[in-house]
Number of protein chains: 2
Amino acid sequence: MEVTIFTDEQKQAARFAKAMGHPVRMYVLDLLNKQSCCYSGDLSDILPIAKSTLSQHLKELKDAGLIQGEIEAPKVKYCINKENWAKAQKLFQAFLEY
Amino acid sequence: MEVTIFTDEQKQAARFAKAMGHPVRMYVLDLLNKQSCCYSGDLSDILPIAKSTLSQHLKELKDAGLIQGEIEAPKVKYCINKENWAKAQKLFQAFLEY
DNA sequence: ATCTTTGTTCGTAATTTAACGAACAATCAT
DNA sequence: ATGATTGTTCGTTAAATTACGAACAAAGAT
C-alpha cells in the first residue's frame with residue numbers, strides 16, 4: 001500500500017536525481033554523455049576508487065535506468081540509456097523552468 | 001586532503017542532485033518553484049509525514065542551498081533560493097544537453 | 001501570566017549507502 | 001590445459017539517511 005501524494009513525474013525525477021547524487025556517478029554520466037560510451041576499465045584507471053566500488057556505482061546508474069552495459073568480452077562497454085536519458089532531460093527541463 | 005578528480009561543477013551538480021533525490025524534497029521544490037514561497041505548515045498539512053521529518057527534509061534543502069527560510073513569527077516562510085536555483089539550472093542544462 | 005500555535009531539536013531505531021579486499025566467473029591468449 | 005585480464009559478487013564495516021514521537025523554544029493571543 002502506497003500513500004501517493006507524489007506524481008509519477010516527481011517520483012521518477014527523484015529517482016534519477018538520487019542516482020546523480022554522487023560525484024563519481026556524475027563523472028561517469030558526464031563522460032558517457034560526451035563520448036557516448038566507454039569501458040569500465042577506462043573509468044577504473046581514472047577514478048581513485050576500488051574497482052568493486054566503481055562496479056557498485058555503475059550498477060546504481062544501471063538500476064536507475066540512466067546507463068546500460070553490454071558485454072564485449074572480456075570487457076564491458078557502458079553507454080547512456082538514451083531512452084531514459086531523454087526522459088530525464090524532459091523531466092528536469094520541465095522542473096527547472098519556471 | 002582531497003583527491004580531486006572531479007570538477008567543481010560535477011561536485012556541485014551532485015550536491016544539488018542529492019538534495020533532489022527524494023520524493024518529498026522534489027515535491028517541495030516543485031511547489032516552491034510554482035508559487036515561489038510557502039509556509040512549512042501548509043506542507044505539513046499536505047504531506048503524510050511527521051512534522052519533524054518534514055523539518056529535516058527542509059533543512060537538507062536549505063543546507064544544499066536550494067531553498068531559504070525566513071521567520072514570519074510564528075510561522076516560517078520558505079522560498080526558493082533564487083541565486084542557487086539559477087546555478088542549478090545552468091549546471092543541469094549544460095549537463096543534460098549534448 | 002498562561003495558553004496555543006508553529007516549527008526545530010533531540011534521542012532513537014531501521015535501513016540504505018559507500019567503501020574495501022577477497023573470492024569468483026568468464027573470456028581470451030599461450 | 002593454464003594463465004592473464006576484466007568485471008561482478010560477497011562479506012564486512014562505518015557512516016549517512018529516513019523516520020518517528022517527545023521535548024523544547026519562540027511568538028502571539030487571551
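For the numbers below, each heavy atom of this structure counts, side chains included, while hydrogens, waters and symmetry mates do not. The sequence lines fix the lettering, A, B, ..., with proteins before strands; numbering per chain opens at 1.
- Rounded to an integer number of Å, the gap from CE of Met20(B) to P of dT17(D) is 16 Å.
- Closest-nucleotide positions on DNA chain D for Lys62(A) and Ala50(B) were compared, and the one nearer the 5' end corresponds to Lys62(A).
- Taking atom CG on Asp63(B) and atom P on dT18(D), their separation rounds to 13 Å, with Å as the unit.
- Sparse packing is recorded around CD1 of Ile71(A), with 12 or fewer heavy atoms of other residues, nucleotides or ligands lying under 6.0 Å away.
- Considering only the side chain of Ser40(A), dG7(D) comes nearest among dA19(D), dA16(D), dG7(D).
- Side-chain contact between Met20(B) and Leu66(B) is present, with heavy atoms from C-beta onward closer than 4.5 Å.
- In this structure, OH of Tyr39(A) is placed 12 Å from P of dT6(D), rounded to the nearest angstrom.
- The CG atom of Asn81(B) lies 4.5 Å from the CD atom of Gln68(B); values are rounded to the nearest 0.5 Å.
- Using a 4.0 Å heavy-atom criterion, one finds that Lys75(A) contacts the sugar-phosphate atoms exclusively.
- Axis angle, first five pairs versus last five pairs of the helix from dA1(C)-dT30(D) to dT30(C)-dA1(D): 10°, rounded to 10°.
- Comparing Lys51(A) and Thr53(B) by the nucleotide of DNA chain C that holds the closest heavy atom to each, the one mapping nearer the 5' end is Thr53(B).
- Interface limits on DNA chain C: the 5'-most and 3'-most nucleotides within less than 4.0 Å of chain B heavy atoms are dT6(C) to dT9(C).
- Straight-line distance from the NE2 atom of His22(A) to the P atom of dA15(D): 15 Å, rounded to whole Å.
- Residues Lys18(B) and Lys18(A) are not in side-chain contact: their nearest non-hydrogen atoms beyond the backbone lie 4.5 Å or more apart.
- For the pair Leu58(B) and Leu43(B), the minimum side-chain heavy-atom distance is below 4.5 Å.
- If you check every strand for non-hydrogen atoms under 4.0 Å, Ile71(A) touches nothing.
- If you check every strand for non-hydrogen atoms under 4.0 Å, Lys18(A) touches sugar and phosphate atoms only.
- The neighbour count for Glu83(B) CD, taken as heavy atoms of other residues, nucleotides or ligands under 6.0 Å away, does not exceed 12.
- Donor-acceptor pairing under 3.5 Å, judged by distance alone, is present between the side chain of Ser52(B) and the base of dG21(D).
- Counting any heavy atom pair closer than 4.0 Å across all strands shown, Gln56(A) reaches a base atom.
- Between Trp85(A) and Phe95(B), a ring centre-to-centre spacing shorter than 6.0 Å is recorded.
- Within the 4.0 angstrom heavy-atom criterion, only backbone atoms of the sugar-phosphate kind lie near Ile49(A); the bases stay farther away.
- Checking Glu70(A) against Tyr78(A) by side-chain atom types alone, no donor-acceptor pair falls below 3.5 Å.
- Test Leu61(B), Leu29(B), Val28(B) against Ile80(B) for side chain to side chain contact (heavy atoms under 4.5 Å, CB included) and you get one pass: Leu29(B).
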